[in-house]
Amino acid sequence: MFVPVLDNMSDFEEPFKISGMWQCSICTHENTTYSSSCELCGVLHDLSLYFNDISEDEDGAKCRHKYSGVSILARSLFTPPSAKSKAIVFSHDFKDRRNTTGNKQATMDALHKTFMTRKKRHINIVDTEVLVKDSVGVTGKEMMNNDILLTEKNTSMDPSALVQLDDGGTSSNVPSSSQNITLALDHELQHLSLESKLKNSKTNVKKTASVSHYKPEPWMLQSENQEIRNQLSLAIVGHVDSGKSTLCGRLRHALGLISKKQMHKYEKEAKEKGKGSFAYAWAMDESSDERERGITMTVAVAYFNSEKYRVVLLDSPGHKDFVPNMISGATQADAAILVVDASIGSFEAGMGVNGIGQTKEHSQLVRSFGVENLIVAVNKMDGVEYSKERFQSVKSQLGVFLRSCGYKDSSVTWVPLSAMANENLVTACSDTRLLSWYNGGCLLQAIDSLPPPRRDVSSPLRLPICDVIASHTLGQVAVCGKVESGGIRTGCKVLVMPSGDIATVKTMERDSSTCSLARAGDNVAVGLHGVDPGHIAAGGVLCHPDFPVRVACHLELKILVLEITVPILVGLEFELHIRHAKSSARLVRILSSLDQKTGRALKKAPRLLTARQAALVEVRLDREACVEEFSTLKALARVFLRSQGSTVAVGVVTRVLDRALDMG
């Protein structure tokens, strides 16, 4: 039981100068004068020295002034009261009991009810504080939070002269001389970080501006008198060993972009490795692993100028193990070249007659990228003696499948060629066997016949980060990717999402040449300043500081299930690809199955989904990703669902179900 000291000893105004023994007022233990606190219970002997500020007396000894800012309750318990102190009246008629030392004895409950204010005077510390007068004219410090009040009485009077409270909670025995003095809170209490918020207060967060309020700057709009060749990103896709890298290397060599000396070096190195036929492919596949295995593993980028376009070649891997890399790189494509091996057996392997072929998968993926215009390059025609029958067979089989993917016949161009023999690449065909039945244009002419892609320069900046790089010219923090909307130039501020860091564009490069600005459709490398390299990763987005991209992990998707053998059920775990980002995800709900032609709901909440079905589903990602709804920006709304090494579905984001990240 706690025993407060409530005797009528006078206040200590001098330093402690007592000889002999002293008795603890709490436990009655006898202590030596050398002990400043009780050896048994730890209670301080000279409490006034603890509660009063230090000063010097007439003899130069150190002592403390009274009323040093401790709470009323603490002073009532430990400070010796003066002779003029009023008697304590315990609430609820608590019986007056004393211990052997003559001090009053009470339970903690009685002390709480006596010394704590009652009724509407509840103690609570909040942010706002005003000076007011209470009901009896006593100045106090009142802190208000709606109906909650904290009032501290003046203590310029003797600290033990406690307030006697009647049933109505009114105060008395307060000297008039102390009305204009307020009690300071304890020093430690003043430094506490209290985060109590008012009920009607709102978080001070800068709201994201609406995209409809965005106005492009004049430099983003290309004037009519500017003779700048349009850029065309061209994805080269197809089954493994169909000759994609060889086609790219041979095309660049025929255009004079690879010198004879460099080509001779490639041929020599390829022969030394026993891969003489890979010489042109090595112009694109530069890594030692790719050359050793003889396959493309990452998306290689190369440039050349045609009569109409500045073409960006995106040489994509064809092996099924590297489809995720193909997705990451080829999502930048405006159009595509589907390379098909005309050799007997090779074409059938790509179509998946004896398994899952990448000719079909790549065709579906490229269409889901939003690519509408396709060039089908029927390669290695020299291996089948430029047979018209073989070409027509390939065209009829593959044409049916392409139409099922959504390609229009008018948007598909068929070109028979031989990359290794340089037949029908940059000039009209010269082999009489091909001339006898083909009168169309060459591959380069087919590229120039593609319609120019639409560019969105009137929307805020969106530059999805394809890769994080470092170079001597760009600096230690640099990213590369395609500007999907808006524009960017050196010296401007950009917002790096999803980290939310602000960075400054230090320098930019296009095709290894320094440039000062880039608009929607341009593939650029951007050197950044003022951002932590650890906060940048592939899959992020550079955007306008006032118009950030949305960041979410709960999405509603409209998907098309591909050729699968195992039905899709709720709870399926898969890998979700959004532009250059990928994340583990889970199918939460199947909302409805859809009619592929009209988009009308056929059945609500079906139990499963099978091949070639369209559906509206909900998915949840393991981590947040930069994403936009399809109606806002198509490039950041296309998704790909992969499970167990194959693509099971493709689709678009119809709705972001969790709140967009607001940047303050």
Side-chain angles (χ1 to χ4, degrees), residues 234-260 262-264 266-267 269-271 275-286 290-291 294-296 299-304 306 311-319 326 330 335-347 349-350 358-359 362 374-387 390-391 394-395 398 413-431 433-435 438 440-448 450:
L234 200 58
I236 314 299
V237 298
H239 192 64
V240 64
D241 291 335
S242 60
K244 298 182 297 299
S245 297
T246 299
L247 174 65
C248 294
R250 197 71 167 94
L251 185 62
R252 298 185 68 235
H253 178 261
L255 292 172
L257 299 176
I258 301 177
S259 64
K260 292 183 178 180
Q262 189 67 35
M263 195 65 235
H264 178 71
Y266 291 147
E267 291 174 350
E269 292 175 349
K271 287 180 180 179
K275 302 177 183 292
S277 61
F278 286 76
Y280 290 105
W282 281 19
M284 302 297 295
D285 300 336
E286 297 181 350
E290 289 178 320
R291 293 184 175 186
I295 58 175
T296 302
V299 175
V301 181
Y303 299 82
F304 71 86
S306 68
V311 180
V312 181
L313 289 176
L314 304 170
D315 182 22
S316 306
H319 198 280
M326 174 265 178
I337 297 178
L338 177 62
V339 183
V340 178
D341 189 346
S343 304
I344 305 298
S346 298
F347 169 72
Q358 264 48 63
T359 298
H362 283 204
L374 185 70
I375 298 174
V376 181
V378 185
N379 192 25
K380 302 184 182 181
M381 285 295 293
D382 56 331
V384 293
E385 302 296 329
Y386 297 100
S387 170
R390 181 59 176 172
F391 177 80
V394 170
K395 184 177 180 180
L398 183 56
T413 304
W414 301 82
V415 181
L417 53 83
S418 174
M420 185 62 69
N422 192 22
E423 186 65 35
N424 209 27
L425 288 181
V426 298
T427 58
C429 55
S430 58
D431 195 289
R433 292 171 293 180
L434 185 58
L435 281 171
Y438 179 74
C442 64
L443 179 63
L444 191 60
Q445 292 172 333
I447 293 174
D448 277 332
L450 294 170

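Values below: all heavy atoms of this structure, side chains included; hydrogens, waters and symmetry mates excluded. In this chain, numbering begins with 1 at the start of the sequence shown.
Looking only at side-chain heavy atoms (C-beta outward), Ser316 and Lys244 stay at 4.5 Å or farther from each other. A 4.5 Å side-chain heavy-atom check between Arg252 and Tyr280 finds every atom pair outside the cut-off. In this structure, Val340 and Val376 have side chains that are in contact, with non-hydrogen atoms separated by less than 4.5 Å. Side chains of Thr359 and Leu398 form a contact here, defined as non-hydrogen atoms less than 4.5 Å apart. A heavy-atom distance below 4.5 Å is not found between the side chains of Val311 and Tyr303. Looking at heavy atoms from C-beta onward, Leu444 lies in side-chain contact with Leu255 at the 4.5 angstrom threshold. Residues Leu313 and Val301 have side chains not in contact (no heavy-atom distance under 4.5 Å, counting atoms from C-beta outward). Met326 places a side-chain heavy atom less than 4.5 Å from the side chain of Val237.
Counting all heavy atoms, side chain and backbone alike, Ser245 lies closest to Met284 at O-CG, 3.8 Å. Scanning all heavy atoms of the two residues, the minimum distance from His239 to Ser242 falls at O-OG, 2.8 Å. Among all heavy-atom pairs drawn from Ala428 and Cys442, the shortest one is N-CB, 4.3 Å. For the pair Ile258 and Ala283, the tightest heavy-atom approach, listed with the atom from each and the gap, is CD1-CB, 3.5 Å. Of all heavy-atom pairs between Ala342 and Val384, the closest is O-CG1, 3.5 Å. Taking each heavy atom of Cys429 and Leu434 in turn, the nearest pair found is CB-CD2, 3.5 Å.
Looking only at distances, no side-chain donor or acceptor of Gln358 sits under 3.5 Å from a matching main-chain atom of Gly350. Under a 3.5 Å cut-off, the side chain of Glu269 and the backbone N or O of Tyr266 do not form any donor-acceptor pair. Between the His362 side chain and the Gly238 main chain, a donor and an acceptor come within less than 3.5 Å of each other. Thr246 places no side-chain N or O within donor-acceptor distance of the main-chain N or O of Gly243, the cut-off being under 3.5 Å.
Rounding to the nearest 0.5 angstrom, the gap separating the NE2 atom in His264 from the CD atom in Glu267 is 7.5 Å. The distance from atom CG of Asn379 to atom CD of Glu423, rounded to the nearest 0.5 Å, is 11.5 Å. Leu443 CG to Thr427 OG1: the interatomic distance, rounded to the nearest 0.5 Å, is 11.0 Å. Separating the CG atom in Leu251 from the CG atom in Leu234 is a distance of 9.5 Å, to the nearest 0.5 Å. Met381 contributes atom CE, which lies 10.0 Å from atom OG of Ser343 (distance to the nearest 0.5 angstrom). In this structure, CG in Asn424 is found 10.5 Å from CG in Asp431, a value given to the nearest 0.5 Å.
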Atom pairs and distances, donor-acceptor, side-chain atoms in residues 413-422, under 3.5 Å, two or more places apart:
unit_1: Ser418; atom_1: OG; unit_2: Asp382; atom_2: OD1; d: 3.2
unit_1: Ser418; atom_1: OG; unit_2: Asp382; atom_2: OD2; d: 3.4
unit_1: Ser418; atom_1: OG; unit_2: Ala421; atom_2: N; d: 3.4

